[in-house]
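Down below is the structure, laid out as structure tokens.
Whatever order the structure lists them in is the order used to number ligands and atoms, beginning at 1.
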Amino acid sequence: MFENEERTNIESLGEFGLIDYLTKNIKLTQPSTIKGVGDDAAVLNFENKKVLISTDMLLEGIHFDLAYTPLKHLGYKSIQVNLSDIYAMNGIASQVTVSIGMSSKFPLEAVEEFYEGVYLACEKYNVDLIGGDTSASKQGLVISVTSIGYADEKDVVYRNGAEEGDLICVSGDLGGAYTGLQLLEREKLIYLENPNIQPDLEGKDYIVERQLKPEARKDIIDLLKEIEVKPTAMIDVSDGLASELLHICRQSNKGCSLYEEKIPLDPMTFETAREFNLDPTVCALSGGEDYELLFTVKQADYDKIKFKMDITIIGYITEPSAGCNLVTKAGNVHALTAQGWNAFKSNG
Ligand code: ADP
Ligand code: MG
């Protein structure tokens with residue numbers, strides 16, 4: 001789906017013409033970027049910092065559906081999901097590379113729209129686009145982004161540092177991206193059955209944006225620095241709260257108690273989940289793509305954290321033999337699983 005009416009054939013530009021066209025306006029802003037696009041490799045200089053590198057691939061039909069994903073949003077999201085991994089290490093993101101494989105039928109205007117989103121995200125988060133690769137694809141649109149960042153060694157936060165008694169915190173709210181996706185999928189089916197019916201997403205902007213245009217939580221990393229809290233462990237929520245918390249617990253060799261009533265849900269997420277006969281808690285636990293930060297902090301940091309608007313304490317870390325548990329609103333204790341929790345799976 002692209003909005004521009006004009007269609008310029010990519011083949012008329014050729015590969016080099018296309019790359020040049022897409023990258024000619026790049027303005028490098030990072031002091032660590034010595035050489036960006038234009039040579040066989042980019043050249044970076046991080047002096048005495050530790051360098052962080054992360055890659056993610058986005059495939060049409062697996063990770064996105066062009067039927068309801070505007071290309072500008074897709075470009076923006078491709079960058080966000082990658083920057084999120086750098087922030088989850090408590091790092092500062094500084095460069096990205098963007099590689100794309102696309103059908104030769106893809107018009108230039110469509111690629112341009114995608115790059116508008118890429119550049120918007122780069123500008124907003126202050127990262128340089130320093131390279132990539134461009135190829136034809138017979139299997140739909142393929143996007144691969146690599147993000148590069150840096151941190152002082154003492155600031156890097158791993159998944160494995162959680163200690164017994166640490167508080168489990170999460171930024172923002174959860175489950176929105178998943179309920180947004182349910183909505184978009186429903187409207188797509190309605191449209192396919194009757195193309196005269198316009199999609200009805202009235203009043204659902206928040207969760208639709210959570211799905212199509214997520215924001216990596218650089219602001220949370222900045223906030224933690226400002227209040228001088230270094231998390232003991234951290235991960236970004238790409239696969240759902242349950243799965244991410246289990247990663248922290250497994251890698252830290254600890255257990256946890258997570259409180260259902262504490263899980264932050266936006267009212268629109270709650271309402272929409274109900275509309276779809278979904279349990280809102282399960283949407284948060286298993287939905288994914290929220291790109292919030294899940295982290296643990298020492299109890300001594302409680303006073304610094306407790307009144308922070310966009311951070312919620314949702315549980316605490318326990319000894320490993322206690323297991324990883326969800327305490328439900330009714331006060332029942334269930335083993336947490338990557339799919340949500342056992343009771344939901346077995347009781348249907
Ligand atoms: P090579 O033949 O060495 O792979 P390319 O012709 O693919 O070189 O790329 C030339 C330059 O353009 C390189 O600096 C590369 O990083 C950059 N580049 C290629 N494709 C893209 C893209 N899709 N986005 C940004 N930069 C790109
Ligand atoms: Mg190349």
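Here the side chains of Phe16 and Thr134 are not in contact, with every heavy-atom distance at 4.5 Å or above. At least one side-chain heavy atom of Thr8 sits less than 4.5 Å from a side-chain heavy atom of Glu109. Residues Leu71 and Leu66 form a side-chain contact, since some pair of their non-hydrogen atoms from C-beta on lies under 4.5 Å apart.
Heavy-atom contacts of Gly131 reach the following atoms of ligand 1: 16 (O), 25 (C), 26 (N), 27 (C) (cutoff under 4.0 Å). The ligand atoms of ligand 1 that sit less than 4.0 angstrom from a heavy atom of Asp39 are 13 (C), 14 (O). Within ligand 1, the atoms closer than 4.0 Å to a non-hydrogen atom of Val98 are 22 (C), 23 (N), 24 (N), numbered from 1 in the order shown. Set against the non-hydrogen atoms of Phe16, the atoms of ligand 1 under 4.0 Å away are 6 (O). In the vicinity of Thr23, heavy-atom distances shorter than 4.0 Å reach the ligand 1 atoms 25 (C), 26 (N).
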Intermediate values then yes/no, side-chain hydrogen bond (donor to acceptor under 3.5 Å, both in side chains), Ser321 and Glu319: CA-CA 6 Å; Ser321 63; Glu319 52 159 334; 2.8 Å; yes

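Counting heavy atoms closer than 4.0 Å to ligand 1, residue Phe114 contributes nothing at all.
Listed by chain and number, the residues in a ring-ring contact (aromatic ring centres under 6.0 Å, His included) with Phe46 are Tyr150 (sequence neighbours excluded). Shown here are the ring-ring contact (aromatic ring centres under 6.0 Å, His included) partners of Tyr178, two or more places apart in sequence or in another chain: there are none.
Below 3.5 Å of separation, one finds an N or O of Tyr115 facing an N or O of ligand 1. The N/O atoms of Gly132, backbone and side chain alike, include one that comes under 3.5 Å of an N/O atom in ligand 1.
Between Ala273 and Cys283 the shortest heavy-atom distance is CB-SG, 4.0 Å.
The option from Leu22, Asp133, Leu129, Ile100 that lies nearest to atom 7 (O) of ligand 1, judged by heavy atoms, is Asp133. Counting only non-hydrogen atoms, the option in Ile143, Thr134, Ile26 that gets closest to atom 20 (N) of ligand 1 is Thr134.
Taking the centre and axis of the six-membered ring of Tyr21, the NZ or CZ atom of Lys24 falls inside the cone set by 45° and 6.0 Å.
The shortest separation from a heavy atom of Gly38 to ligand 1 is under 4.0 Å, placing the residue in contact.
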